[in-house]
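Quick note: residue numbers are just sequence positions, from 1.
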Amino acid sequence: MLHELNAEGEYGILPVPVSNDANFKGNTAISVGVPMYFTIDAEQSTEAERAGAQDFLNWLFTSEAGTDAYVNRMNFIPVYENITQQPADAVSQAILAKMKAGETLNWINMYYPGDAFPSMGASMQKYLGGVIDRTALAGEFEKYWTSK
């Protein structure tokens, strides 16, 4: 059965339950953390390239236009006190609300194997599309992790 996405439909952040205990805080929390870092490669770049990269980072994090781009075009949630813009998009606002409510877990996703997201994402899409139930979803996740 093929399920189509509805671009006009509602969407948001879906916490992934991590315990069978319905009262466990982590069941309604989302993982939040730093997905990547900006770095300047001192070994494989020229002095001019490094200076340009530093200029870009200074612009991005200290100028009004740069911080606006950081928050509203790149959709990053502000992590520096000098950035006063707040995200305008619904997903960033939902994440920020979870952060302010203390409903977050440590970000461990960077430690997953390279094929984890595509594999588990495909299972989650089947679950959300009504193709499989919660028990089957858990079974697919368990099968993935026990094969590693």
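Residues Glu140 and Lys126 are paired through a salt bridge, judged by an N-O separation under 4.0 Å between the basic side chain and the carboxylate. Taking 4.0 Å as the cut-off between side-chain N and carboxylate O, Glu47 and Arg50 count as a salt-bridged pair.
Of the possible donor and acceptor atoms, none in the side chain of Lys98 sits under 3.5 Å from a partner among the backbone N and O of Gln93. With hydrogens and angles ignored, the 3.5 Å screen pairs no side-chain donor or acceptor of Ser119 with any backbone N or O of Asp115. Using a distance-only test at 3.5 Å, with no hydrogens or angles considered, no donor-acceptor pair links the side chain of Tyr112 to the main chain of Phe117.
Taking OG of Ser31 as the reference point, atom CG of Asn106 lies at 8.0 Å (rounded to 0.5 Å).
Trp107 and Val79 end up in different hydrophobic clusters when Ile, Leu, Val, Met, Phe, Trp and Tyr side chains are linked at under 4.5 Å. With hydrophobic clusters built from ILVMFWY side chains whose heavy atoms lie under 4.5 angstrom apart, Leu105 does not share a cluster with Val32. Connection of Val91 to Val34 is not established within any shared hydrophobic cluster, with ILVMFWY side chains joined at heavy-atom distances below 4.5 Å, either directly or through further cluster members. Hydrophobic clustering (ILVMFWY, side-chain heavy atoms < 4.5 Å, transitive): Val71 and Phe76 are in one cluster.
Between Pro87 and Leu96 the shortest side-chain heavy-atom distance falls below 4.5 Å. Between Ile95 and Ile13, the closest side-chain pair of non-hydrogen atoms falls below 4.5 Å. Between Ser92 and Asp89 there is a side-chain heavy-atom pair separated by less than 4.5 Å. At least one side-chain heavy atom of Ile83 sits less than 4.5 Å from a side-chain heavy atom of Phe61. Contact of the Leu60 side chain with the Met74 side chain is registered, since non-hydrogen atoms from C-beta on lie closer than 4.5 Å.
The minimum heavy-atom distance between Lys25 and Gly102, with the atom names listed, is NZ-O, 2.8 Å. Residue Pro113 comes nearest to Trp145 through the heavy atom pair CD-CH2, 3.7 Å, listed as atom of the first residue, atom of the second, then distance. Contact detail for Phe141 and Met124: the closest heavy-atom pair is CZ-CE, 4.3 Å.
Cluster partners of Val18 are Phe24, counting Ile, Leu, Val, Met, Phe, Trp and Tyr whose side-chain heavy atoms approach within less than 4.5 Å, directly or via other members.
For Phe38, the CZ atom is densely surrounded, since the number of other residues' heavy atoms within 6.0 Å is greater than 12. The environment of OH in Tyr144 is crowded: more than 12 heavy-atom neighbours from other residues, nucleotides or ligands sit within 6.0 Å. Other residues, nucleotides and ligands contribute over 12 non-hydrogen atoms within 6.0 Å of the CG atom of Asp21.
Sequence neighbours left out, the pairs with a member in residues 72-85 that pass side chain to side chain donor-acceptor pair (under 3.5 Å) are Thr67-Gln85, Asp68-Asn72.
Under the 6.0 Å cut-off for aromatic ring centres, Tyr70 and Trp59 do not qualify, their centroids lying 6.0 Å or more apart.
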